[in-house]
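Contents: one structure, followed by commentary.
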Amino acid sequence: MGKNKAAVVGGSVLVILIIAAILAPIIAPYSPREMSYGNELLPPGSEGYLLGTTSLAQDVLSYVVYGLRISLYVGFGTLLLEVALALTVGGLSGYFGGVIDELLMRFTEIVMTIPPIILLITGVSMFGTRSLEIIILFMALVNWPWMARVVRAEIMSRKQEPFIEEGRSMGFSELYLLVRYIFPTVLSPVIVLGTLDVAWFILYEATLSFLGLGDPTSTSLGILVSMGRDVLTSGWWVSFIPAFLIFLLVISLNLLGDGLRDALDVRENV
Amino acid sequence: MKKKYIIRKLLTAIPTFLIATIILFSLLHIAPSGPVEIMVRSSGKTMDPGMIEELRSQYGLDKPLHQQYFRWLSNFFTGDLGYSYVTNQRLNSILPEKILLTLELVLVANVFSVAFAVVLGVIAAVRKNSFLDNFLSSFALFTYSMPLFWVGLLALYVFSLKLGLTPVGGVTSLGKDFTGFAAIADNLYHLILPASVLSLAYLAYYFRLIRSSMLDVLNKEYVVAARAKGVKELAVIFKHALRNALLPLITLFAVSLGFVLAGSVVIETIFGWPGLGRFLVTAAFNRDYTALLSLNAIIVIMVLFANLVADIACAYVDPRIKY
């Protein structure tokens, strides 16, 4: 399968999942955490419970479509914040160079010495009430350095190109050149990296929730997987269905990101 | 010359360590409630504000933040890692064993995954776009995209619960006093499943790195030149290409330590492996300040050490690096 085809498949699966998340209230037969006593651990295909029920008699289908919303919200929400941070730090560093660059890049390297998941667990744990927004905030705070470095490198190589010099000599303002000519070239690598990062964010949030360090009031897919952990033999579907959805989200984003890398001709950045 | 280079690298690690721990320290102190309040809450008792104040001063928590930081720092470097507020144990007495357990798990997983990744990565790159390459690359993408906790649960379900081949968790069999060789065998029996799951995750990650690094090198002029002058294909691959492809990977392996530790956090939790990762999760769950700070500091030191080793290794392997 060619990369483009794979990317199209990835993109389509992603779109379907996004539509399912948007239509959650229509798809879900019950409210996501409604318990109907007497219907505990029904297998998938049971009447009225297409994907089965949990040990608390919650409908798995209703739970997971709302869970998709959480994953997508967290994934794309973090992306916005990450891009804002990375463009600011990477932009300042790359454009001004000199001492500012030196300081910002030293700081970036220091943040990178603490492994993201460790920093994330430590940071998030300090809050007694962990809302999704706090998780988003910390995921962006631990992940921006990688993107900032790409932005910086791109801007550094762009600002020296002859057409920028020419623009300067023609009397265009620096701000105009920056917004009109320099930032657009940064866009391609940011889109590619961003797509792959959303996959990471979704995985991170699910992992946090699985470990019991997520937002306990949310309908996170990770929480459902962790609930299913206790009934692995008697109710495999409780953990496997939400885990499979996370996998679908992540692989479709990875396929899309890889395809975009080829399409936008961004050099491989291992 | 090399000595100077190593010393310079060592010296730059010091400010990095200080700033990283200051960041962590501040992070731990922006929380709305302090360790004493958490202790009180976790004990389930109520305490009057006077008692809380007393406890705070007993632990030195009423001092200004910078004093608290320096106290922690000087203790850390004199080998006193502090006191876990939650388990009521000295970290010095519990951490070393946990570090060893994590190292055991992570090293075994890494040895297997790196060995397989090099072989498979080279094959995939040399036979680019062949059926085998497509199969391996798709398999890697698949594994890479699977949440690790899911792979862990799947393995637990199939091998431990359904087939009964492996234990469901822990490091040794409880209630059995094995000695000598039997103890080691028992430990390995417990290690095999978590280590296999972990190496599968690492394998996918390393495979992608090695394949793309190898593809880069195979297009280089010196490889084309070697082929043109009639060097045997195997020699081209192993002597000319692979050696150069592994160079950037030395640094990458050091950077991958974060990925490696992340994997071990999840796997240790699922398989009840009482190492650093599981301790981190427990400490985070209980907001165990000192434990978190000292644990993070140890991890930062591990990362800095790995980077240093990678820098030195690169300097020895690659004559182009200037000192």
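Throughout, a chain's letter reflects where its sequence line sits, starting with A, and its residues are numbered from 1.
Atom OH of B/Tyr157 sits in a crowded spot, with more than 12 heavy atoms from other residues, nucleotides or ligands closer than 6.0 Å. B/Phe159 CZ: 12 or fewer foreign heavy atoms inside a 6.0 Å radius. Taking a 6.0 Å sphere around CD of A/Glu133, one finds it holds more than 12 heavy atoms contributed by other residues, nucleotides or ligands. Within 6.0 Å of CZ in A/Phe244 there are 12 or fewer heavy atoms belonging to other residues, nucleotides or ligands. Counted within 6.0 Å of CZ on A/Arg149, heavy atoms from surrounding residues, nucleotides or ligands total 12 or fewer; the atom is thus considered open.
Neither the backbone nor the side chain of B/Phe17 comes within less than 4.5 Å of any heavy atom in chain A. Both the backbone and the side chain of B/Leu153 come within contact range of chain A, judged by heavy atoms closer than 4.5 Å. Heavy atoms closer than 4.5 Å to chain A are found in the side chain of B/Leu304, but not in its backbone. The contact between B/Leu24 and chain A is made entirely by side chain atoms (from C-beta outward), counting heavy-atom distances below 4.5 Å. Using a 4.5 Å cut-off between heavy atoms, A/Ala206 contacts chain B through both its backbone and its side chain. In this structure, chain B has heavy atoms under 4.5 Å from both the backbone and the side chain of A/Phe240. Of the two parts of B/Leu257, neither the backbone nor the side chain holds a non-hydrogen atom closer than 4.5 Å to a non-hydrogen atom of chain A.
Atom CG of B/Leu156 and atom CZ of A/Arg229 lie 8.5 Å apart (nearest 0.5 Å). Atoms CD1 and CE, on A/Ile118 and B/Met302 in that order, are 9.0 Å from each other to the nearest 0.5 Å. Atoms CD1 and CG, on B/Ile23 and A/Leu119 in that order, are 8.0 Å from each other to the nearest 0.5 Å. In this structure, the separation between OG on A/Ser125 and CG on B/Leu28 is 7.0 Å, given to the nearest 0.5 Å. Between atom CG of residue B/Asn296 and atom CD1 of residue A/Ile121 there is a gap of 9.5 Å, rounded to the nearest 0.5 Å. Separating the CG atom in A/Leu203 from the OG atom in B/Ser145 is a distance of 8.0 Å, to the nearest 0.5 Å.
Of the listed residues (A/Leu120, A/Asn254, A/Leu248, A/Ile246), the one with the most heavy-atom contacts under 4.5 Å to chain B is A/Asn254. Put simply, of A/Ile110, A/Ile117, A/Val225, A/Leu211, the one with the most heavy-atom pairs under 4.5 Å next to chain B is A/Ile110. Residue with the most contacts toward chain A among B/Val300, B/Leu280, B/Leu293: B/Leu280 (heavy-atom pairs, distance under 4.5 Å). Considering only heavy-atom pairs separated by less than 4.5 Å from chain A, the leading option among B/Leu161, B/Leu295, B/Val266, B/Asn307 is B/Leu161. Among A/Leu249, A/Ile202, A/Thr122, the residue making the largest number of heavy-atom pairs under 4.5 Å with chain B is A/Thr122.
The shortest distance between side-chain heavy atoms of B/Val265 and A/Thr207 does not fall below 4.5 Å. Contact of the A/Arg106 side chain with the B/Thr16 side chain is registered, since non-hydrogen atoms from C-beta on lie closer than 4.5 Å. Counting only heavy atoms from C-beta outward, the side chains of B/Pro147 and A/Val250 never approach each other to under 4.5 Å.
Residues A/Met126 and B/Arg287 approach most closely at O-NH1, 3.4 Å, considering heavy atoms. Taking every heavy atom of both residues into account, B/Trp150 and A/Ala243 meet most closely at CG-CB, 3.3 Å. The two residues A/Phe247 and B/Met146 come nearest to each other via the heavy atoms CD1-CG, 3.4 Å. Between B/Leu27 and A/Gly123 the shortest heavy-atom distance is CD2-CA, 3.7 Å.
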>> Please determine whether side-chain contact (heavy atoms from CB on, under 4.5 Å) holds for the pair A/Ile114 and B/Val303, giving the CA-CA distance in whole Å, both sets of side-chain angles, and the decisive distance to 0.1 Å.
In response: CA-CA 8 Å; A/Ile114 316 173; B/Val303 172; over 6 Å; no
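Ring orientation note: the planes of B/Phe149 and A/Phe210 are close to parallel, at an angle under 30° on the 30°/60° scale.
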